[in-house]
Amino acid sequence: MPLFGTDGVRGLANGLLTAELALHLAQATAVVLGQGRSAEARKAEGRRLTAVVARDPRVSGEFLAAAVSAGLASSGVDVLDAGVIPTPATAFLIADRDADFGVMVSASHNPAPDNGIKIFARGGTKLPDIVEQRIERALEGQRLQPTGADVGRIRRFADAEDRYVLHLLGSLPHRLDGIHVVLDCAHGAAAGVSPETFKDAGATVTVIGADPDGLNINDGVGSTHLDVLAETVVRLGADVGIAHDGDADRCLAVDAQGNVVDGDQIMAILAVAMKERGTLVDDTLVATVMSNLGLHRAMEAHGIRVLQTGVGDRYVLEAMNEGGYSLGGEQSGHVIMSDFATTGDGLLTGLHVVAEMARQGKTLAELASLMTVYPQVLVNVRDVDRDGVDDEGVQAAVAASTAELGDSGRVLLRASGTEPLVRVMVEAASEDVARAHADRLADVVRERLAL
């Protein structure tokens, strides 16, 4: 199995992801990313290679970030230790400091025992697959072992948070005065920076999930557990709730009545606002094939094209970079605003959603009403041949359901990349209709592709 997954190297800390692996991965990264024109030009100018290293607050991040820093410094790379900050802050700071690359130690929305290592290239962009493959190969190769004055130094990045906060505040089209926001920081990386930023932008802020102890990250709070946030918003009579995940690259919201506003609805709000301001490049929104049919209908009504990609924010980013588009994301709350960020940024997204409430003088429910969410039913069909989705019988059943649903629904079959599993997703005008089609298609997949 490849070491790198869809979002870096991830696994059980001290299981798959050991201090030794983190050290060697950092050394291999220094070998690969320390090459190329940019790095060689810096060396020729007498400038040392520099990397930003940061982590979320889970306890294993302490030894893993230390191992990463040791691996880089032992390879002649100067390390700027940014401490506990969000993943998008790390990406921003790499570009802001003109560092050669950076490393974020985080497992995002996963529970505390897990951890991960995300590597960003110069400019704060995610690595392409081919570069990750080169790093994997370099694990077995010769390491850099400078001595004396050529070894790297590890220094505290003292103003990391301040730089990021100023960047976020400078992106806003409108202040947040008069809006009461409840922030759920998931006991994660946003706990130290998100409340400060929303307050500085003018909002009245109530904070939950902002007491990380290294073990409680994502535990019953954050973007994967919205019940506490919804209850708090309703109980306090707040205007809006904003939820981050552990590393704060996601944002989901709840309105004043406690209703969830997902990533598709957030993208719809931002896309229409950006089109009005003339900042939505080519009037195009980039979204994955899992985005709700209601998003497509709403964007069509506002003259906005939806460009679809495979599932995963890296594929959204690739399409955005190729086309130069300014907005994209996923239903899960990864939203990318490329005028201000190179990756999904939960703080940036939340600030801009609340800024639209303040600018337009509307509730979040009113803003979200521009999109009708179609019921979406997902059935995971296990123990089947995942390579057989093009089977004639399966495709005939898909075609029949598609024809029957017409413009009022949609069918999508996706094979798992790692398991003998096929995902059947159906959207329709009612949940009963969606469920009936999904169950029928799942039976066909189970019958035709049984192992």
Side-chain angles (χ1 to χ4, degrees), residues 1-43 47-56 60-82 87 90-91 93-95 97-108 114-148 150-155 157 247 314 342-343:
M1 291 290 293
L3 184 62
F4 283 89
T6 56
D7 199 16
V9 178
R10 191 174 293 184
L12 180 66
N14 254 358
L16 167 71
L17 194 55
T18 62
E20 181 182 32
L21 176 58
L23 177 86
H24 292 162
L25 190 62
Q27 291 173 324
T29 298
V31 170
V32 173
L33 298 186
Q35 301 173 349
R37 290 182 182 178
S38 173
E40 294 304 324
R42 286 173 181 247
K43 293 175 185 176
R47 298 170 62 187
R48 299 166 65 93
L49 295 180
T50 303
V52 175
V53 175
R55 63 182 180 88
D56 71 24
S60 60
E62 296 174 8
F63 76 78
L64 290 170
V68 167
S69 295
L72 294 176
S74 72
S75 302
V77 179
D78 286 344
V79 174
L80 292 172
D81 179 3
T87 290
T90 306
L93 292 166
I94 294 165
R97 286 299 302 264
D98 195 25
D100 294 278
F101 57 94
V103 180
M104 178 69 185
V105 178
S106 174
S108 190
D114 293 337
N115 219 320
I117 295 176
K118 304 180 186 182
I119 304 169
F120 292 91
R122 188 179 180 192
T125 59
K126 291 191 175 183
L127 299 182
D129 291 344
I130 190 170
V131 176
E132 291 181 340
Q133 292 162 9
R134 287 171 58 199
I135 291 173
E136 282 198 45
R137 290 196 297 269
L139 283 168
E140 306 300 324
Q142 187 172 359
R143 298 175 185 128
L144 303 172
Q145 291 183 293
T147 58
D150 291 330
V151 300
R153 306 293 297 270
I154 302 174
R155 295 184 174 90
F157 194 161
D247 69 338
R314 67 184 303 159
T342 57
T343 187

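Below, each value reflects all heavy atoms present in this structure, side chains not excepted, and no hydrogens, waters or symmetry copies.
Side-chain contact between K118 and T87: present, with at least one pair of heavy atoms (C-beta onward) separated by less than 4.5 Å. With contacts defined as side-chain heavy-atom distances shorter than 4.5 Å, the pair L80/L93 does not qualify. Counting heavy atoms from C-beta outward, N14 and F63 have side chains that approach closer than 4.5 Å. Side-chain contact between L25 and V68 is absent, with no heavy-atom pair separated by less than 4.5 Å.
With sequence neighbours excluded, no residue forms a side chain to side chain donor-acceptor pair (under 3.5 Å) with D81. Every side-chain contact (heavy atoms from CB on, under 4.5 Å) that A28 has, sequence neighbours left out, goes to I135, A138, L139.
Contact detail for L21 and L16: the closest heavy-atom pair is CD2-O, 3.5 Å. The nearest pair of heavy atoms linking D56 to S106 is OD2-OG, 2.7 Å. Contact record, I94 with G123: CG2-N, 3.9 Å, taken as the closest heavy-atom pair. The shortest non-hydrogen separation linking A65 to R55 is CB-CD, 3.9 Å. Shortest non-hydrogen contact noted between V52 and A82 is CG1-CB, 4.3 Å. In terms of heavy-atom proximity, S69 sits nearest to V53 at OG-CG1, 3.8 Å.
In this structure, CG in N115 is found 12.0 Å from OG1 in T18, a value given to the nearest 0.5 Å. In this structure, OG1 in T29 is found 10.5 Å from CD in E136, a value given to the nearest 0.5 Å. Atom CG of residue L23 and atom OG of residue S75 lie 8.0 Å apart, to the nearest 0.5 angstrom.
Proximity of a side-chain donor or acceptor of T90 to a complementary backbone N or O of A54 within less than 3.5 Å is not detected. Panel note: side chain D78, backbone G152; no donor-acceptor pair is recorded below 3.5 Å. Panel note: side chain Q27, backbone S74; no donor-acceptor pair is recorded below 3.5 Å. Judged by distance alone, the side chain of D100 and the main-chain N or O of R122 form no donor-acceptor pair under 3.5 Å.
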What's the verdict on side-chain contact (heavy atoms from CB on, under 4.5 Å) for T343 and M104, showing C-alpha distance, side-chain angles and the deciding distance?
CA-CA 13 Å; T343 187; M104 178 69 185; over 6 Å; no
Hey, mind stepping through F101 and V77 against side-chain contact (heavy atoms from CB on, under 4.5 Å) and telling me if it holds?
CA-CA 10 Å; F101 57 94; V77 179; 4.1 Å; yes
Please test V131 against F4 for side-chain contact (heavy atoms from CB on, under 4.5 Å), starting from the C-alpha separation and ending with a verdict.
CA-CA 11 Å; V131 176; F4 283 89; over 6 Å; no
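A side-chain donor-acceptor contact under 3.5 Å links D247 and S108.
Using a cutoff of 4.0 Å between basic side-chain nitrogens and carboxylate oxygens, D7 and R314 are not scored as salt-bridged.
Crowding of R153 atom CZ: a count of heavy atoms from other residues, nucleotides or ligands under 6.0 Å not exceeding 12.
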